[in-house]
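Here the structure comes first, spelled out in C-alpha cells, and everything after it is commentary.
All figures in this text were calculated on a predicted structure; none of them were measured in a lab. Naming: A, B, ... by sequence-line order, numbering from 1 per chain.
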2 protein chains.
Amino acid sequence: MSSTPSKTIADNSDKLVTTLGRPRERIVKSAIELFRQHGIKGIGVDAIAEAAGSNKMTLYRHFGCKDDLVCECLKQVSSEKERIWVDLEDAYPGDPARQLRGWVDEAAQRIFNDLRGCDLVNAAVELKEAGHPAQKVIMDAKKAHMQHLVELCRRAGVQQYEQLAQALVLLVEGARVCGQSIGIEGPQQRLEQTCEALIDAFSKH
Amino acid sequence: MSSTPSKTIADNSDKLVTTLGRPRERIVKSAIELFRQHGIKGIGVDAIAEAAGSNKMTLYRHFGCKDDLVCECLKQVSSEKERIWVDLEDAYPGDPARQLRGWVDEAAQRIFNDLRGCDLVNAAVELKEAGHPAQKVIMDAKKAHMQHLVELCRRAGVQQYEQLAQALVLLVEGARVCGQSIGIEGPQQRLEQTCEALIDAFSKH
DNA sequence: AATGTGTGTTACCGGTCAGTAACGTCCCAA
DNA sequence: TTGGGACGTTACTGACCGGTAACACACATT
C-alpha cells in the first residue's frame, strides 16, 4: 500500500482556514467563526475540525472536551477585544477624551458592520447550565472591559466617571443586542450621537 | 459536553404544571419556562411534554414541529409583554409622562429580579438559521414595543421623542443583557437613575 | 348503542452528537 | 538510522433528539 491517497490538503474550498499554522490554532480560529455563525450548540466538533482542515481526534488531543474548546475560544475573543485599549492609546496618545470618543466610534462601527452581536454575550445566553466554566471567562472579560472604560472616563476628566462608563456600556450593549433581534432598522442607529451627547453632558460638570 | 443537564426519566421535580387546563395550554406554559431555564436548544420536546403532564404525541398533534411550538411560545410571551401598555394607562390614566416613568420603573424591577434576560432576545441569539420562522415573530414584537414607546414619549410632550425612545430602549436592553453576562454587579445597577436623568434632559427642550 | 374527538402509551426510526480506540503516517531531532 | 511525538483515518459507542406509527381509552354527542 505504498500508493496512499495522501489527500492533498490543498483542497480547502469548503474550509475556513488554510493549513497555515498549527492545527490547534486553526481549530480555535475555525471554532470561533463557526460558533459565530451557528451558535455553540448549533455546530458539532466534527464540523469544526473539518473546517480547520484537521480532524476530531486532533481536536480532542488539544482540548479535553467541547467545553474546553469553547472556553479557549472565548478567552481568545476577549483577549482580542482587550487590544482596543492599546490601539486607542496609540491613536490618540495622552488624550483620554479623544480616546473615549474613539471607543464610541469603534463600537458604533462594529455594530453597523455586524449584526451578530457580542460573542461573549451570545455564549452567556446559550450556556446557562449552573457552573459552566465559560461563565467565569465571560464574566471576567466583561468586568475587565468595564473597568478599563471606567478608568478611561476618569482619565478623561469626567467627575462622575463611573456613572458615565456604566451608561455608555448599557447603550453599546443594548445597541448590539437590538441589531441582533430587530435588525438593521433598530434603535441602535443613533447610538453614536447619543453616546457623544451623553459624554458632553457629563463633561460639563 | 460535561455540563449536560441529563435528567432521569423518573425525575419529575421539574413538573411545572398540574393537569389543570387543557394539554395545549399546559405544554406552552411548560415550554416557556423550560426554554427560559435551559434555552431552546437545551431542552427536548419529550421533557417539555412530560413537564406539562402530557406526552410527545399530544404535543405533536397540536404543534407540527418544535419550531412551531417555539413560535407559539414567543407569540405568547410577546403578547404578555404588550399588556404593560394598558397596565400603564390604568395606573396613570391620561398622564403619559408618569406612564413613561412607570415603564422605566417596571423595566428596572424586572432586571433586578431576573437575570435571565429577555426571552425574545435569547431566542434570537439561539435561532440564527436563515429564515427561521421565530425571527419574524421576534422582530415584529420588538418593533411593536419600540413603536409603543415612541408614541408614549411623543404623548409625554417630548420634542425629540423618537431619539429619547431609542436611547431608553438601548439602555434597558443593555441592562438586561449585562445582568445576564456579568451578573448582579453589572453596570445595570443605576439603570433607573440614568433613564430618568435622560428623560429630564429631553423634557427641558 | 354508535360514533368521533382528544388524549395517553409504547415502541420505533433515522439522524446527530460528544467522545474514544486502534492503527497508520509524517517529520524532525538525536 | 532510528525513535518519538504530532497528526491523520476509520470505525465505533452510547446517548439523545425530533418525529411517526399503531393501538388503547375516556368521554361527549347523537
May I have the distance from [X] (atom [atom1]) to [N] (atom [atom2]), rounded to whole angstrom?
| X | N | atom1 | atom2 | value |
| --- | --- | --- | --- | --- |
| B/E50 | D/dC16 | CD | P | 13 Å |
| B/D67 | D/dG18 | CG | C1' | 10 Å |
| A/I48 | C/dG19 | CD1 | P | 11 Å |
| B/I43 | D/dG18 | CD1 | C1' | 14 Å |
| A/H38 | C/dC17 | NE2 | C1' | 15 Å |
| B/D68 | D/dG18 | CG | P | 14 Å |
| B/K66 | D/dT20 | NZ | P | 15 Å |
| A/D46 | C/dG15 | CG | C1' | 14 Å |

Original post:
Does the side chain of A/E162 come within less than 4.5 Å of A/R154's, by heavy atoms?
Top reply: no
**OP:** Scan for side-chain hydrogen bond (donor to acceptor under 3.5 Å, both in side chains) pairs involving residues 169-195 of chain B, sequence neighbours excluded, and state none if there are none.
**Re:** A/K143-B/E185, A/Q166-B/R190, B/N122-B/Q180, B/K142-B/E173
Original post:
What pairs meet the side-chain hydrogen bond (donor to acceptor under 3.5 Å, both in side chains) rule with one or both residues in residues 62-77 of chain B, with sequence neighbours excluded?
Top reply: B/D67-B/H132
Original post:
Are A/R110 and A/E106 ion-paired here, with the side-chain N under 4.0 Å from a carboxylate O?
Top reply: yes
**OP:** Identify whether the distance between the nearest side-chain nitrogen and carboxylate oxygen of B/K128 and A/E126 falls below 4.0 Å.
**Re:** no
**OP:** Check the pair A/K136, A/D140 against salt bridge (Lys or Arg N to Asp or Glu O under 4.0 Å), reporting the backbone distance first and the verdict last.
**Re:** CA-CA 6 Å; A/K136 178 173 162 49; A/D140 289 350; 2.9 Å; yes
Original post:
Is there a side-chain polar atom (N or O) of B/H62 under 4.0 Å from OP1 or OP2 of C/dG6?
Top reply: no
Subject >> Per-nucleotide protein contact string for nucleotides 8-14 of chain C (B base, S sugar-phosphate only, - none; heavy atom under 4.0 Å) >> reply: BBB----
Original post:
So what does B/L69 touch, heavy atoms closer than 4.0 Å: a base, only the sugar-phosphate, or nothing?
Top reply: nothing
